[in-house]
Amino acid sequence: MRRPHVYERTAPRARSEATPQAARPAEVSRWISRSLPHMIDEARAAGLDRLADALEVARAEAETVVGQPGMVVER
């Protein structure tokens with residue numbers, strides 16, 4: 001039996017591994033919009049209001065990307 005070439009041994013096996021995160025903007029944006037509310041609450045509790053405001057802007061931007069038509073999430 002021949003030994004597989006280096007590329008063959010390291011090639012992604014699953015579809016999700018084959019598509020890098022950067023190629024899935026809707027999925028990444030959805031993850032960000034779900035993660036930020038907790039961070040915003042933590043920032044406000046720590047007295048970091050300017051940081052919390054910036055995180056709210058980022059969350060709003062992430063939600064606009066998720067809501068764009070034609071953005072299909074691969075599973």
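Keep in mind the model is a prediction, meaning the values are calculated, not measured.
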Fill in the blank from the handout: Nearest heavy-atom approach of Ile40 to Arg59 is CD1-NE, 3.8 Å
Exercise for the section: Output all residues satisfying side chain to side chain donor-acceptor pair (under 3.5 Å) with Asp53, sequence neighbours left out; order by chain, then residue number. Expected result: Arg44
Handout entry: Qualifying residues under side chain to side chain donor-acceptor pair (under 3.5 Å), relative to Glu42, sequence neighbours excluded
Key = none
Problem - Spatial distance of atom CG (Leu36) from atom CD (Glu63) [nearest 0.5 Å] - result: 9.0 Å
